[in-house]
Amino acid sequence: MRYIPITQADKEAMLRDIGVSSTEELFAANIPANVRLQRPLDLPAPLTEMEILAHMSELTAGNINLAEYTSFLGAGAYDHYIPAAVDTFLKRGEFLTAYTPYQPEISQGVLQVIYEYQSMVCELTGMDLSNASMYDGASALAEAAGMVVSQTGRKKIIVARSAHPNYRRVVKTYMHGIGVEVIEAPLDHCELDLNKLEALITEEIGGVLVQMPNFFGHLEQVRQIEKLIHAKGGLFVIAADPVSLALLEAPGNYGADIVVAEGQGLGVAPSYGGPYLGIMATREKFSRKIPGRIVGATLDNRGQRAFVLTLQAREQHIRREKATSNICSNQALIALAATVYLTLVGKEGLREVANLSLQKAHYAASEISKLPGYQMACKSPFFKEFTIRTPKPANEINKALLANKILGGFDTAVEYPELGHAMTIAVTEKRTKAEIDRLVAALGEVK
Amino acid sequence: MRYIPITQADKEAMLRDIGVSSTEELFAANIPANVRLQRPLDLPAPLTEMEILAHMSELTAGNINLAEYTSFLGAGAYDHYIPAAVDTFLKRGEFLTAYTPYQPEISQGVLQVIYEYQSMVCELTGMDLSNASMYDGASALAEAAGMVVSQTGRKKIIVARSAHPNYRRVVKTYMHGIGVEVIEAPLDHCELDLNKLEALITEEIGGVLVQMPNFFGHLEQVRQIEKLIHAKGGLFVIAADPVSLALLEAPGNYGADIVVAEGQGLGVAPSYGGPYLGIMATREKFSRKIPGRIVGATLDNRGQRAFVLTLQAREQHIRREKATSNICSNQALIALAATVYLTLVGKEGLREVANLSLQKAHYAASEISKLPGYQMACKSPFFKEFTIRTPKPANEINKALLANKILGGFDTAVEYPELGHAMTIAVTEKRTKAEIDRLVAALGEVK
Amino acid sequence: MSVVPVIFEKSTPGKRAITFPKSDVPAVDLAEALPADLIRQTPAALPEVSEIEAVRHFTQLSRRNHGVDVDFYPLGSCTMKYNPKVNEEAARLPGIALTHPLQPVETIQGNLKLMHTMEEWLCEVTGMDRMTFQPAAGAHGELTGVLLIKAYHEARGETQRTKVIVPDSAHGTNPATAAMAGFEVVSVKSLPDGSVDLDALKDVVGPDTAALMMTNPSTLGLFDPHVQEITEIVHQAGGLCYYDGANMNAIMGYARPGDMGFDVVHLNLHKTFSTPHGGGGPGSGPVGVKDLLVPFLPVPVVEKQENEYVLDWNRPQSIGKIHSFWGNFGVVVRAYAYSLAYGPELKEVSEYAVLNANYIMAHLRKYYDLPVDRFCMHECVLSAKTLKHEVGVKTLDIAKRLLDEGVHPPTIYFPLIVEEALMIEPTETEDKATLDRFIESMVKIYKEARDEPDKVKSAPHLTVVGRLDEALAARKPNLRYKAEA
Amino acid sequence: MSVVPVIFEKSTPGKRAITFPKSDVPAVDLAEALPADLIRQTPAALPEVSEIEAVRHFTQLSRRNHGVDVDFYPLGSCTMKYNPKVNEEAARLPGIALTHPLQPVETIQGNLKLMHTMEEWLCEVTGMDRMTFQPAAGAHGELTGVLLIKAYHEARGETQRTKVIVPDSAHGTNPATAAMAGFEVVSVKSLPDGSVDLDALKDVVGPDTAALMMTNPSTLGLFDPHVQEITEIVHQAGGLCYYDGANMNAIMGYARPGDMGFDVVHLNLHKTFSTPHGGGGPGSGPVGVKDLLVPFLPVPVVEKQENEYVLDWNRPQSIGKIHSFWGNFGVVVRAYAYSLAYGPELKEVSEYAVLNANYIMAHLRKYYDLPVDRFCMHECVLSAKTLKHEVGVKTLDIAKRLLDEGVHPPTIYFPLIVEEALMIEPTETEDKATLDRFIESMVKIYKEARDEPDKVKSAPHLTVVGRLDEALAARKPNLRYKAEA
Ligand SMILES: Cc1ncc(COP(=O)(O)O)c(C=O)c1O
Ligand SMILES: Cc1ncc(COP(=O)(O)O)c(C=O)c1O
């Protein structure tokens, strides 16, 4: 009865008004006896609030957490600094406990935040329009693949093997549903092999999906790839790291047709993998193809600027089976976090974050490379993450690092056995030189 | 420049409008050269937000805290459960960043909260009116002493030796200022000695200040004391534990003239001793004598009920040296915490808190009393805290408890050497039987 | 202020809120680290504001928004119940909020145990055998579920099963999902009470039937009396049965989709299990399945081995992955905290949800049309048909006038099969006083519609903005801020 | 809703929000544990509401309140600057928020070090030798400081020093404090510019002078040009000098009370050091002293011994204690975080505070009376004297009309020595655009006062409540909710 505010007296009065003597009558009138559950639910007895918190603290106290351990683990979820003001707004009841702004007159807060979010995404990606958010990076990429197919009518797409293994899995899962073949473009070390890619791209290929920087943290030759795919009439989809876009060219400026990204790095707690933020932006010409909610500016009947959900003819509640996607609830609160984050760090701050991450990652790479047995796995440029060959299996090294209160890099052994012993190390602006030196020393001591 | 939003261009435009060429001119026009500081402040270089948090986390990481240790320490600050919703409202900018509601039309939120707070305090204490808060329990008691003196015109007051040692110190400090003699009423074990008290009370005595339950956690014979002091025309002041008032008689019902209390137990974090909440309530006849802000209900010019600061003729900004006190800023946000807390636990919940604390304290007392060398220091009834003689100095025992992740009770040796080896143990509703058993076991093992 | 400038309009070059430390490592030259043609030339024109401006901006915006924390929000089909604050605190525990999805499993046993336990509990509530938490929302769960069905038929070589049957009363996500999974959607007309027309169903099932997707209680808030026959009909034709659990708040502890013959079900934790809607999300749409679909579940699956929890990736028949990591874990955490608060008393959640909906119906049926005269379950669907025909006041007008009363209007114009629909879902977390206040408002508006229809048609009057020009928004899309040239 | 019922009016018997577990220990009978005549018979009539009602209630109330986070708040003398969010986060670190004041010192070294460091920093800013953090607010600091002075004279046997000199421009807390510490208050008239009249001062100082209390910059926002002479005059007479540091935001890094000859100073951390005002408090009013007063500081004093911090209670000349524990530690923590953000750049805080105040003055002096035509420091004091005499629009009316503009009005009718005073303190955390908006509002109101004075006199028009009947409130005090009989 924890959150049920109806007293026994109220209940009786209400039953009287309804004209029944018990709630059982209401259920009996609806649920046929043959499907009624005849026993209580077999669940543990209710706890009070105090017990809930005590239980959950105890349950998770043993988890290693990023406040106590120094993390060099990235691979799609990053330990960027989250300004204190972000959480203030996630907790404002008016944002937290609202739903999709169906009634714009009492939802201008959420609507304007989304409009601002869309604007920031466009700025970062160099695209014309953004939707209000997708579930996460992987599903955004899969939806982009769906857009490619629907736009080109072609039933084959190419995805870079250097894209996040989980993103590739999600793309394949989605594409399998609509009978689209997903071809994996092979690698040369940890970069796409452009010759092989060129050979794969035919006029049957709807598009190429490339992660930039790629899963290994390194850059792809996106300008060349763009030419290859556009030459055959396909679309070019980029999965970006939004933080990287402070330093790296906007995909809109090298010809991307759709840009997706995982927004977690923009002020969102790692939270064991979710809730995160699927960013999706595209060119104006695809505005009727993009999935999800979109907010637009308009006027009210008093002549004031105001915001409203728009272009809804793409959406499931209007178009049903002809919709561009089935997405309904999205990740609005996480888009709020990203909007507050980008507002707080602003134009210069995001560049600082990106540059510091790059500087520190390069320092780490150069120091680790000096250790015997460690050697960069790829020669291509990198941003805040890099992949390095290790003298022993990475998971063994990581065990030793854990003992030093360090969460080591991503062990590539399972996903990329072709690299041999290797790990992908992420370094954000939060890591100090002292922490990096501690990592290097700990690596040096692994026996 | 962290929180200064003025750009160089703005600054120049502003200087132009002011008609000076630099801010230095403004300072030079004001501050004579002979008092100008001619060197930069010798303070550490500014840190960024990320560094501030990292520094402060590191600085305080070594502090033992009540999330990780099981606490049996009370003595004026208690580990009661704080419902999650409380902090939500402490963080609402409209409450957090407002000041004293001088402009009632845009301060109805704070004003109504205070009115509700005052009402709750009156309910708990059985008094007619409450102010909007004092600094803490000790200063509230000292201000009550001042009220006693000003009301009775007598220059002597009695304070129970069983009152919190720090509260007694604060009373003495305040009273010294106005030349009032503070007489300490002696104890019989850990309760006031009524015979000796009776002898002390003369018609020169303005009032008696008693803590209930007293510092040792035990009850005083307040009904008898009330008769003694009122018989000589003095006032009766009670320093209560607000949680105890769910089970113990309201001081208003046994003749108290002024009730003060430390409100920390009502949803306020222990925070190394502050900010806490000074509660103060009294009878209507003293309404012109009570210090501090008071909120009253009235009507606005549209005929709506509304709230406003009232009875301000008592206050320093109106009456200056004739004011009832110099208090200006109080502890409004902490009063909000208490108001939200009391709303959430409500009539029944506060009884549950009090009763559980009592039950568990009694269990602890009876279990510990079974240990060899441990023996209750007083026979009088107690609420959630009790004082027990220990076989060795309490501080040595506490060291051993710390090794078991237990924060032991208050060592009475320094403040009450007459008790010999003893400690005052506090047990709140948060303590489980398992935790108490762990304490008992650990005590049993102290060598 | 009735217009808050967009944050870009508050931007001034050089202003800063958060800054970062100077680098403490030997500098690398950007031009050396990155290829010249990939270095960004024009910085993204993000806003440049101070921290106080940012804080005021988002504070002011929040004050222009309604939420459950502000007042009543009876938005049908969305289960806008109270979102407990303790759940927010739990989700911010460092062992939860500050954990990385790819930490070695031995460092994260608590989270795995939480997921495993929650899976067991939700299986008990739904009568299913296993659950996956990867789907990030209801529609995502639907997609997962329908792909599981597809994989099942494929594994059995029944690739001719290309059709998914969806009643016309269904939520838009159902047909959209089926299409997204590559199925052909067969829409069947519902009976006027929103239930499935058995004859129509029998007509369309066949060897090409992959599945039926059904919402029960239906979007009319009514439990389908023939649900067991329905699942039998579909099963007999070789199809599987999908249960859209968005309305699970009506039946917890009373009935279980698993017991009704469903093979797959998705739940909306952001509805039934009290996790906040966040202005549109995040949600969590876990999918429960019967044993026959377990081999196809997304990888990885949390398994308990001896005393250790592991992530099992070795599932050759799996449909693959549906989320970057393990789903909206932070949302699952909140739902777990909620489940702890109720345990078997979840049944009372449904009991009171149904009580509240019937109470509103009992009072408002005197004023508004009631399309189906039956006790409802957790929500009631009314209609303003008569008002529209007699005085020209539409459901939209009523909704807008409700805004002036400080409450969020019900869902309107859904389900599609009801003319001028008003779909009212009070949830169990509202007390009688709030319901009475809402009833009073609805009656007042009814009377206004009769006495002063223009007042209703021109509503809202008390909101910070008036009715919006939605046509303009669509005709001249302005979807992002652009600095004036 | 323009009236929110008080929470008691929402109460229904039996409703619950937070509940507690059943007892897990052997039961004790209350009647046995407690004496019959001390057991409460009638429970306190606290409200009985559900959690959702509580949350909505306080959410709705908060939405009826202005704050710095909402918009501009130029309340003179109160330094309503931005309160950084990171400080709130810091104060909630478990090593801070969850520590007990009586923990053994060896378990709490971090907090002791924090206080010790902060003491050093504030001594550097003020030019004093030691500091105590026990005072919970400015007025509490004043009391502490004046009691220190009293103890000093007593220790020297100079008990005839019974008078404290307070300029008539002083804040009410100054004379109230002196009285509370048992001194006789000697009020000296200030010069029209708010500075101390040296001749008047010389007239009143003497062998009975205990101290002078001075606010500098004065409450007119002007630095006293003769401050050094003033402290010399008092010192020569054997008195001590007390500095009310409420206006410290004007001079950090530019001048230090210690260098001006003051013996005691209090700071308001909730003003100068950005800790939030919380709707009235908590604040923190640390007191700094010169060496001659150190022996009298409240116990305990945080001392560093070798590598350990201790609480030193062994101070026989101490005035005793002034707070239950060590002061509003959580507030000091926030001020510490703020100091970390600035370090020596605290000087720029003052620079910009002064710039902003002069900017407002430069613009508004064209419309409002300027009592003293001099550059001001961190705040400017204007007057509506002319408007009042010419069109009958008072300062109060202007303040009320400002409410309609969405900003908090300045402090009004203070300092007392200025007729129809408007005391405007913008602080350094406001940008030019906000100041311009405020100036515009003030000019608009000025024009309205001339053109449509009734509009101003009847303001506010846009707030949730109109002007209140304060006389009624005082005449028929209704200070608490009482259930109707
Ligand atoms: C009946 C029904 N099914 C499915 C959904 C889709 O759920 P979600 O918004 O979480 O994707 C909804 C949500 O509104 C719904 O009401
Ligand atoms: C000049 C001056 N002195 C003293 C005080 C008292 O400070 P507090 O309110 O913190 O007690 C104030 C506060 O308003 C003030 O402005």
Side-chain angles (χ1 to χ4, degrees), chain B residues 2 5 10 14 18 29-30 40-41 43 46 60 63-66 92-94 97-100 105-106 108-110 119 122-123 129 135-136 138 169 173 177-178 269 271-275 296-298 300-301 306 310 316-317 320-321 323 326 328-333 344 347 352 362-363 433, chain D residues 17-18 20 24-25 28 44 46 54 61-62 64-69 94-95 97-99 101 107 110 136-137 139 172 175-177 179 181-182 185 223 276-283 320-321 324-325 328-330 340-341 343-344 359 362 375 431-432 463 465-466 468 473 478-481:
Chain B
R2 181 67 181 87
D10 283 346
M14 292 164 75
I18 296 168
N30 262 288
L41 289 171
L43 297 173
T60 59
N63 292 341
I64 276 178
N65 73 65
L66 304 190
R92 293 273 305 177
E94 296 93 331
T97 70
Y99 197 24
T100 309
E105 297 87 348
I106 53 164
Q108 285 298 303
V110 167
S119 304
C122 289
E123 285 298 337
L129 76 148
Y135 304 132
D136 66 355
R169 288 190 178 95
T173 303
I178 50 172
S271 236
Y272 202 53
T298 185
D300 75 352
N301 60 11
T310 192
Q316 44 74 26
H317 62 289
R320 302 179 74 84
E321 64 267 26
N326 70 343
C328 177
S329 294
N330 53 28
Q331 303 282 119
L333 194 73
L344 288 168
K347 185 175 173 179
E352 287 176 6
H362 283 74
Y363 173 70
K433 178 169 180 298
Chain D
I18 300 294
F20 291 88
D24 58 356
V25 296
V28 179
L46 295 172
L61 288 185
S62 75
R64 297 159 70 83
N65 222 82
H66 189 83
V68 175
D69 276 7
L98 303 182
T99 54
T107 70
T177 297
V185 177
F223 198 97
H277 285 75
K321 275 189 71 57
S324 299
F325 297 106
N328 281 344
F329 178 71
L340 287 172
Y359 180 69
F375 291 129
D431 68 350
K432 181 168 176 295
T463 49
V465 299
L468 306 199
N478 169 348
L479 311 178
R480 57 171 293 198
Y481 174 80

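A note on names: the letters A, B, ... follow the listed sequences, proteins ahead of strands, and every chain is numbered from 1. Please read these numbers as outputs of a predicted model, since none were measured by experiment.
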_Any carboxylate oxygen within less than 4.0 angstrom of a Lys/Arg side-chain nitrogen, looking at D:R480 and B:E123?_
yes
*In terms of heavy-atom pairs under 4.5 Å, which option from B:L344, B:N30, B:L333 contacts chain D the most?*
B:N30
*With a 4.5 Å heavy-atom cut-off, do D:P344 and B:P46 have their side chains touching?*
yes
_Is it the case that the side chain of D:S62 and the backbone of B:E94 share a donor-acceptor pair, with hydrogens and angles ignored and the cut-off at 3.5 Å?_
no
*For the candidates D:A17, D:P276, D:A44, D:G278, which exhibits the highest count of non-hydrogen atom pairs separated by less than 4.5 Å from chain B?*
D:G278
*What option among B:N63, B:L129, B:T298 has the most heavy-atom pairs under 4.5 Å with chain D?*
B:N63
*Heavy-atom pairs under 4.5 Å with chain B, option from D:G110, D:G280, D:A97 with the top count*: D:G280
*asked:* Using side-chain heavy atoms (C-beta onward) and a distance below 4.5 Å, is D:T463 in contact with D:H66?
replied: no
_Residue part contacting chain D, namely of B:T310, when any heavy atom lies under 4.5 Å_ = side chain
_When you compare the side chain of B:D300 with that of B:E105, does any pair of heavy atoms fall below 4.5 Å?_
no
*Counting only heavy atoms closer than 4.5 Å, note whether B:I106 contacts chain D via side chain, backbone, both or neither.*
both
*So, do B:H317 and B:C328 sit near enough that their side-chain heavy atoms are less than 4.5 Å apart?*
no
*Please state whether the side chain, the backbone, both or neither of B:R92 comes within less than 4.5 Å of a heavy atom of chain D.*
side chain
*Largest heavy-atom contact set with chain D, pairs under 4.5 Å, which of B:H362, B:M14, B:Q108, B:R169*: B:M14
*Contact winner vs chain D - B:Y363, B:Y135, B:Y99, heavy-atom pairs under 4.5 Å*: B:Y99
*Given the options D:G95, D:A179, D:A54, which has more heavy-atom pairs under 4.5 Å with chain B than any of the others?*
D:G95
*In terms of heavy-atom pairs under 4.5 Å with chain D, which of B:S329, B:P275, B:A306 leads?*
B:P275
*So what's closer than 4.5 Å to chain B heavy atoms on D:A362: side chain, backbone, both or neither?*
side chain
*Do D:N328 and B:Q331 have side-chain heavy atoms sitting under 4.5 Å apart?*
yes
*Would you mind telling me which of D:G330, D:P175, D:A137 has the largest number of heavy-atom pairs within less than 4.5 Å of chain B?*
D:P175
*State, with a plain yes or no, whether a side-chain heavy atom of B:I18 is found less than 4.5 Å away from one of D:F375.*
yes
*Would you check if the side chain of B:N330 reaches a backbone N or O of B:A332 as a donor-acceptor pair within less than 3.5 Å?*
yes
